[in-house]
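Worksheet: one structure, shown below.
Computed from a predicted model, the values in this text were never measured in an experiment. In what follows, chains are A, B, ... by sequence order, proteins preceding strands, each numbered from 1.
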2 protein chains.
Amino acid sequence: MRFETSTIKDIAKALGLSTSTVSRALRDRYEISEETKKLVLAYAEKVNYRANPIARSLKERRSYSIGIIVSEIANNFFSQVINGIESIAYDRDYHVIISQSHESYKQEKLNVEHLASRSIDGLLIALSSETQDIDYLRSLYAKGLPIVFFDRVPKDFETHKVIANNFKGSFDATEHLILSGKRIIAHLTNSENLSITKERLEGYKAALAKYHIEFKPELVKYCQHGGMHSAELEQAVKELLPFNPDGIFISSDRLTTGCIMALKKTNPEVAHKIAIAGFTNSNLVELFNPSLTSVKQPAFEMGQVATELLISMIEAKRPITEFETKVLDTELVKMAKR
Amino acid sequence: MRFETSTIKDIAKALGLSTSTVSRALRDRYEISEETKKLVLAYAEKVNYRANPIARSLKERRSYSIGIIVSEIANNFFSQVINGIESIAYDRDYHVIISQSHESYKQEKLNVEHLASRSIDGLLIALSSETQDIDYLRSLYAKGLPIVFFDRVPKDFETHKVIANNFKGSFDATEHLILSGKRIIAHLTNSENLSITKERLEGYKAALAKYHIEFKPELVKYCQHGGMHSAELEQAVKELLPFNPDGIFISSDRLTTGCIMALKKTNPEVAHKIAIAGFTNSNLVELFNPSLTSVKQPAFEMGQVATELLISMIEAKRPITEFETKVLDTELVKMAKR
DNA sequence: GACGTTTTTGGGAACGTTTGCACACTTTTT
DNA sequence: AAAAAGTGTGCAAACGTTCCCAAAAACGTC
């Protein structure tokens, strides 16, 4: 803000003290008499003093804020994660700054670098589907920026990570399809770059294997843009239909809703014949028609856990050498009976 | 970041220049020789110099960032608005900081004040449903913080505002219900505090009047928490059903989806008999069952327009005395035939 | 070559904090 | 009674910029 507001200096002058004393009183430092502290606090209250966080950041080289990078806030999963992050961060006196990569590597890098230059104390990030090169993150990390990955994590990066049990979630969903009698189960998934894509594919394969159903690579379709481009998605669906799948297991929020939409639009006659099971954190699934079986990730909790880990890194006295990868269980919400 | 990075001082020392000269070269000021400028820029490039925005903010008392307050990013309408805001802001070299009020007045005030203390250059805000007292905004505004309201705007606040044509949107939706033969049309709406609530109620009334249908206050139910508390919503729906409505016009995103959900849950047998028309920007309406007629707000555009207005205020040379309230048209998306 | 004018550069204060150090004053110890 | 230890305060530097002001350099004119 470009307008006047009372500063430590003003208080010092008004009270005939030095700025150092005032600062110490406000920050509740050790070497300060009860009396002066009371005095300063009372006066500060009176003039409605607000510390200038910018000045503090500059001096201390930290900002008490943490950066978040997600691909889209419009995605229920991510907005729930953000709520989880906020719930912990605010408790611990951190603020959060949210940025969207829109699944673009370039945008992601730009945002991260801007956040870093704004002195964020730590970063929580779910990689974009385009991202392959994470050297820019490595270099920030090497310079001392604490980073915690969630959901979409890189391998070969030694830090805390929080993910869902993607293998089990996929396994359960696929098994559910099989147990309801489906035999030709397609798999629609995200960019191959993503960790979640690989893990979910494995779960799908394992479920097929358990029931002795042959895995057919042609039944797996990847969408580079994670469902952001409807044309890409429709194309994938179109390529899948000739195999006459009776079930589709879909591995991400955007893709799940997008796929149903594409089916309804391009092949309404089969839309109800194909059973769908997919990852989604939409709180509107109950309204969907055709209905579907959904795999819900513990998004809020994931945000909380990631934030706790990040803050522990930020506030650690000594360099951390032991890192954890927390794995949280997903929940299978079975399709309503029709 | 608490780690070393090259500064203007470093460059000055390395090149045997003064910090002032380097600063001028970097900022492309007038009084500087081409030669030195080239030299400095080349070196800056080489050492990958990044200006420290914190220092700049402190010095200039502005931050090239704008604050956004919405109630929930998980709401499609707001996340689309945010995308619109970003699209303009980034073009004009501003960054955005998003905060959520979660429909709480206290949280809203806290967030605004934090943003203000972080030297945001301007504020874009949609009021929370709880907010009645906006004196804290007035006082910031009086101190020089540019504010543009969107969607949920206060009256008696002289500044730019951007809203949807709520009256017409409601009128159209209600008329649509009437034209499809409905006669007992209930209205489920937000907190009475909100500007949108009043405007939408008027549109609803006007449509009823046009077709000589008596307006009955008991058919209007307000939800203080805007659909955030499902109990409140279910209660409202329960109170409406005894009147045997054959149509419901709903005035907000959260309420629309929430109401359908409540109907399905508590009275599945009537859920399909009641025609629903409601405001929502969900991109999943096509999947809903029962289907509904939706009023879509031009959310992205609203964000864009609001941001343009805000930036014009921020960059205005002289105090602005003429303010506009832009009204954008909504779009009625009629229910698919069943 | 002295002088004025213009262009380029440097010195240094300022933005609002925090903090190491020194100093003054009290209290305790010897 | 002097020395030591403890407590509270102030001074001043620092964080990385920007920008006013003055100095220096370059150039033109007579």
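- Using a 4.0 Å heavy-atom cutoff across all strands shown, Leu17(A) reaches sugar-phosphate atoms only and no base atom.
- Phosphate contact (OP1/OP2 of dT17(D), side-chain N/O of Tyr49(B), threshold under 4.0 Å): present.
- In this structure, CZ of Arg61(B) is placed 13 Å from P of dA14(C), rounded to the nearest angstrom.
- The phosphate of dG16(D) (OP1 or OP2) has no side-chain N or O of Arg56(B) nearer than 4.0 angstrom.
- Rounding to whole angstrom units, CD1 of residue Ile8(A) and P of dT17(C) are separated by 5 Å.
- Residue Thr21(A) has no polar side-chain atom (N or O) positioned under 4.0 Å from OP1 or OP2 of dT9(D).
- Note on Ser23(B): a side-chain N or O is less than 4.0 Å away from OP1 or OP2 of dT18(D).
- The nearest heavy atom of DNA chain C to Val22(B) and to Thr19(A) marks one nucleotide each, and the one closer to the 5' end goes with Val22(B).
- Rounded to whole Å, the distance from CD on Glu35(A) to C1' on dG8(D) is 11 Å.
- Between Leu58(B) and Arg24(B), it is Arg24(B) whose nearest contact on DNA chain C lies nearer the 5' terminus.
- Rounded to whole Å, the distance from NZ on Lys38(A) to P on dG8(D) is 13 Å.
- In this structure, Ser57(A) contributes its side chain and Pro53(A) its backbone to a donor-acceptor pair below 3.5 Å.
- Between the base of dT18(D) and the side chain of Lys59(B) there is a donor-acceptor pair shorter than 3.5 Å.
- Taking only side-chain nitrogens and oxygens, Ser20(B) never comes nearer than 4.0 Å to OP1 or OP2 of dG12(C).
- Spacing between atom NZ of Lys9(A) and atom P of dA14(C) amounts to 7 Å, rounded to whole angstrom units.
- Atom CG in Leu26(B) sits roughly 14 Å away from atom P in dT9(C) (whole-Å rounding).
- With Tyr64(A) as the aromatic partner, Arg62(A) meets the cation-pi criteria of under 6.0 angstrom to the ring centre and within 45 degrees of the ring axis.
- Regarding Ile32(A), its CD1 atom lies at a distance of 14 Å from the P atom of dT7(D), rounded to whole Å.
- At the phosphate of dT8(C), neither OP1 nor OP2 sits under 4.0 Å from any side-chain N or O atom of Thr36(B).
- Ring centroids of Phe157(B) and Tyr141(B) are separated by less than 6.0 Å, placing the two rings close together.
- The number of heavy-atom neighbours closer than 6.0 Å to NZ of Lys37(B), taken from other residues, nucleotides and ligands shown, is above 12.
- Using a distance-only test at 3.5 Å, with no hydrogens or angles considered, a donor-acceptor pair links the side chain of Glu130(B) to the main chain of Tyr105(B).
- Atom pair Glu60(B):CD and dG16(C):P shows a separation of 14 Å (rounding to whole Å applied).
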